Protein chains: 2
Amino acid sequence: MKAELQTKIHEWLETNKSDGIDLLQRLVQADSTQGNEAQAQKLVIETLKDMGLEIDVWEVDQEEISKHPYYASSRESFEGNPNVVGKWKGTGGGRSLIMNGHIDVVPAGDHEQWNHDPYSGNIEDGKMYGRGVTDMKGGNVSMLMAIQALRSLGVQLKGDVIFQSVIEEESGGAGTLAAVLRGYKADAAIIPEPTNMKLFPKQQGSMWFRVHVKGRSAHGGTRYEGVSAIEKSMIVIEHIRYLEQVRNERVTDPLYESIPIPIPINVGKIEGGDWPSSVADLVCIEGRMGVSPEETMEEAKREMERWMEVLKETDPWFETNPPKLEWFGARWVPGSIDVEHELMNAFVSNFREVMEEEPIVEASPWGTDGGLLTELGETPSLVFGPGVTQMAHFPNEYIELSKVFEVAEIMALAMMDWCGVEESSYKQRA
Amino acid sequence: MKAELQTKIHEWLETNKSDGIDLLQRLVQADSTQGNEAQAQKLVIETLKDMGLEIDVWEVDQEEISKHPYYASSRESFEGNPNVVGKWKGTGGGRSLIMNGHIDVVPAGDHEQWNHDPYSGNIEDGKMYGRGVTDMKGGNVSMLMAIQALRSLGVQLKGDVIFQSVIEEESGGAGTLAAVLRGYKADAAIIPEPTNMKLFPKQQGSMWFRVHVKGRSAHGGTRYEGVSAIEKSMIVIEHIRYLEQVRNERVTDPLYESIPIPIPINVGKIEGGDWPSSVADLVCIEGRMGVSPEETMEEAKREMERWMEVLKETDPWFETNPPKLEWFGARWVPGSIDVEHELMNAFVSNFREVMEEEPIVEASPWGTDGGLLTELGETPSLVFGPGVTQMAHFPNEYIELSKVFEVAEIMALAMMDWCGVEESSYKQRA
């Protein structure tokens with residue numbers, strides 16, 4: 001009976017492919033960088049309405065949520081850019097599932113490096129291009145198509161399905177935090193971040209840091225009278241690079257085996273000096289530190305703090321002018337689900353079924369909202385999606401459209417296994 | 001007779017010291033960073049009026065002046081921030097003198113590194129503190145006191161004295177350019193930039209450059225998939241440092257003997273990356289390249305342009321992603337006066353007279369408006385002033401107040417030697 005339903009799901013997805021592609025394109029065209037999520041969320045709300053789900057739309061209360069220890073955001077207000085949840089109530093007696101996807105995207109960066117307008121959603125050779133198409137609007141569409149397929153075929157699940165379209169994942173997870181605090185929990189969660197269709201039962205945590213590096217100003221024509229904060233920041237960056245090396249040499253978990261740098265430290269921003277012909281007296285660098293699921297955020301913080309103190313041994317300048325390290329903005333708690341968890345099994349077996357090959361199981365190279373769901377929401381989280389890992393945050397970000405629908409199919413089947421299916425709905429359709 | 005007058009000048013300066021200090025303090029308190037020169041110029045105008053000089057105040061016409069090949073400014077308008085000239089007409093038959101000082105100051109930078117508010121003009125142990133006090137409002141006050149001393153004592157000069165309080169020196173000299181284009185020329189010029197009371201008959205030129213360094217973006221968690229423009233910019237900065245070394249090894253002029261780096265290249269600003277957890281795909285650095293009086297601006301430009309092309313031999317990344325070098329904003333033409341010029345002699349001999357020691361004669365480590373006066377205005381320029389070279393563009397910039405009046409005395413005497421004195425005015429006073 002399940003084999004028959006699988007065929008029907010497959011056919012339904014084939015028939016409705018163009019609607020799915022159209023939805024994805026409109027989502028990409030709605031630039032949803034931080035603070036601009038409203039338009040894309042409006043599209044999600046319309047879609048959920050058409051599907052007949054119960055909808056919960058709310059604006060996160062910044063004043064309230066900022067008191068929470070897991071809160072991390074550079075944002076002063078969430079007004080006008082809501083979180084969206086669509087609930088599909090089960091018939092009872094099944095396991096519940098959160099399907100979590102973020103609607104926000106990172107900035108497009110240097111537009112000149114894009115061959116297509118980053119907000120075009122142009123399609124070429126079966127690939128759709130645009131900022132956020134892979135991270136992670138494509139995955140969101142997989143979830144929506146999976147739910148829609150099951151509902152259209154009259155399948156009734158026993159467990160509840162809670163679809164979440166959250167803001168702020170790229171900046172520290174305040175959207176998912178707000179959803180957890182609103183009471184959304186489940187027996188497990190699936191998050192279709194761009195994994196190249198790999199299964200990520202472990203998800204790396206990460207947090208943002210900022211280092212202020214001091215110099216001493218002088219006229220550029222007598223620059224030897226000053227101390228360049230730009231030169232000193234180069235030493236600091238080298239030193240951080242060395243910390244990354246030391247930390248990664250410790251990682252032995254086989255799930256990280258094929259990842260060149262399991263827990264990277266990325267220096268992503270630099271800014272300093274205020275005049276071309278003055279010696280820079282202050283440089284600020286900002287970056288992201290990966291946190292292994294085997295350590296706590298606090299342990300990782302303390303390690304970097306101690307590491308920065310050693311700088312003075314490299315250069316006596318730092319003895320009297322220690323760089324100032326601070327933690328700010330976004331952070332992602334590491335997350336995980338047991339590799340033997342039944343949701344894992346459901347995805348592994350249905351992946352085999354649909355793809356006719358073994359899935360790759362690894363640890364994720366980045367943090368996701370799965371950490372908050374796992375740690376705070378007590379909801380073990382699996383990360384698995386159709387997007388292209390290497391294209392996330394890249395110019396010319398794209399997704400292979402066929403994968404969106406393959407993942408939708410795997411999801412629909414896994415949902416049936418995990419949540420359970422009301423027998424009568426099988427029979428009705430069979 | 002001159003010895004007698006020297007005593008009178010010395011006494012007059014002693015008597016009027018507090019007025020001079022008060023004027024300097026008010027000038028420092030008037031923050032005259034680029035675009036904000038109006039208030040300080042108002043003080044200058046009032047002072048010139050009180051002295052009874054003929055005054056010329058005009059706003060530079062941006063549209064008109066920007067057509068000139070020597071024009072370099074980041075400014076879109078000069079409205080509201082005029083140039084100011086005070087003319088003291090000679091009785092005839094003498095040599096004319098331009099006394100040129102800029103009223104603009106560079107930004108104060110990190111205020112935390114200042115012990116006094118940078119716009120306080122606080123006095124401690126005979127030093128006045130504040131942004132611009134040394135570069136070069138102190139020198140401007142020396143000139144005003146010198147003129148005022150001579151006039152108060154009834155000295156009539158044969159040659160014209162043209163006092164100029166110009167804007168925009170710190171950003172490329174548009175103020176002095178405008179003065180030259182308005183027709184102000186003279187037989188020689190004195191510019192009291194902060195030279196530690198050294199005489200600078202040669203002044204280094206300089207120009208601003210910008211380098212765009214490309215990387216390739218990626219998610220910070222898979223940073224090994226991208227190419228960090230921050231790391232690549234570190235290579236570019238090293239490469240520029242090496243060019244500086246090569247260029248300075250060529251400088252053999254004995255005037256540069258005691259200067260650690262005769263023609264420095266200063267990288268003063270850096271900015272790049274737009275997200276802590278993305279790999280930076282673009283970094284922009286800005287700096288200032290020193291130009292020797294022995295080379296042209298064009299030769300120096302071409303040398304750096306060729307140098308940047310060699311980068312690809314250091315790192316193949318630059319083969320396909322060459323850094324983009326551009327010249328922008330400010331530039332100062334190198335300037336000079338012959339070491340045997342009679343204005344030089346006038347300053348050297350009166351320095352000996354007043355200071356009772358030999359003056360130090362060197363090449364200046366930075367560009368001044370003397371280049372424009374020399375090259376375009378056909379006015380050979382000497383740079384000599386009371387300010388502290390090392391404190392220019394520095395936090396805690398200060399000047400030793402006694403030097404302001406020593407320089408005023410030397411100037412007054414040198415003006416008499418250079419411009420010539422109407423005999424009757426001597427007699428009148430003697």
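Keep in mind that this is a model prediction, so the values were computed, not measured. Chain naming here is simple, since letters A, B, ... match the order of the sequence lines and numbering starts at 1 in each.
Closest heavy-atom contact between B/Ala218 and A/Phe394: CB-CE1, 3.2 Å. Across every non-hydrogen atom of A/Arg223 and B/Pro264, the tightest pair is CG-CB, 4.0 Å. Nearest heavy-atom pair, A/Asn266 versus B/Val279, reported as atom, atom and distance to 0.1 Å: OD1-CG2, 3.5 Å. The two residues A/Asp274 and B/Pro107 have their closest heavy-atom pair at OD2-CB, 4.4 Å. Taking every heavy atom of both residues into account, B/Gln113 and A/Arg216 meet most closely at OE1-CA, 4.3 Å.
Of the atoms belonging to A/Ile261, heavy atoms from both backbone and side chain fall under 4.5 Å from chain B. A/Ser278 touches chain B through backbone and side chain together, each having a heavy atom under 4.5 Å away. Contact annotation for A/Trp208: only side-chain heavy atoms (C-beta onward) come within less than 4.5 Å of a heavy atom of chain B. Contact of A/Arg241 with chain B is made through the side chain alone, with heavy-atom distances under 4.5 Å. Looking at A/Ile270, both its backbone and its side chain come within 4.5 Å of chain B, counting heavy atoms on both sides. When heavy atoms are compared at a cutoff of 4.5 Å, A/Val267 approaches chain B by way of both its backbone and its side chain. Heavy-atom distances place no part of A/Glu397 under 4.5 Å from chain B, backbone and side chain included. Of the two parts of A/Ile265, only the backbone, made up of N, CA, C and O, holds a non-hydrogen atom closer than 4.5 Å to a non-hydrogen atom of chain B.
Ranked by heavy-atom pairs under 4.5 Å with chain A, the list B/Ser277, B/Ser228, B/Ala280 is led by B/Ser277. Per-residue counts of heavy-atom pairs under 4.5 Å with chain B were compared for A/Ile285, A/Asp281, A/Leu282; the largest is that of A/Asp281. Of all the listed residues (B/Gly268, B/Gly215, B/Gly273), the one sharing the greatest number of non-hydrogen pairs under 4.5 Å with chain A is B/Gly268. Note on A/Glu238, A/Gln390, A/Gln204: by heavy-atom pairs under 4.5 Å with chain B, the leading option is A/Gln390. Chosen from B/His219, B/Glu271, B/Glu286, the residue pairing most often with chain A at heavy-atom distances under 4.5 Å is B/His219. Interface remark: of the candidates A/Met391, A/Met289, A/Glu170, A/Glu231, A/Glu231 forms the most heavy-atom pairs closer than 4.5 Å to chain B. Counting heavy-atom pairs under 4.5 Å between each of B/Gly226, B/Pro260, B/Gly329, B/Gly109 and chain A puts B/Pro260 at the top. Contact tally against chain B (heavy-atom pairs below 4.5 Å) for A/Ile263, A/Thr222, A/Val283, A/Thr389: the top residue is A/Thr222.
Atom CD of A/Gln245 has more than 12 heavy atoms from other residues, nucleotides or ligands within 6.0 Å. For CD of B/Glu112, the number of neighbouring non-hydrogen atoms (other residues, nucleotides, ligands) closer than 6.0 Å is 12 at most. At most 12 heavy atoms of other shown residues, nucleotides or ligands fall within 6.0 angstrom of atom NZ in A/Lys214.
A heavy-atom distance below 4.5 Å is found between the side chains of A/Phe328 and B/Pro276. Counting heavy atoms from C-beta outward, A/Ile237 and B/Met234 have side chains that approach closer than 4.5 Å. Residues B/Gln34 and A/Trp275 have side chains in contact (heavy-atom distance under 4.5 Å, counting atoms from C-beta outward).
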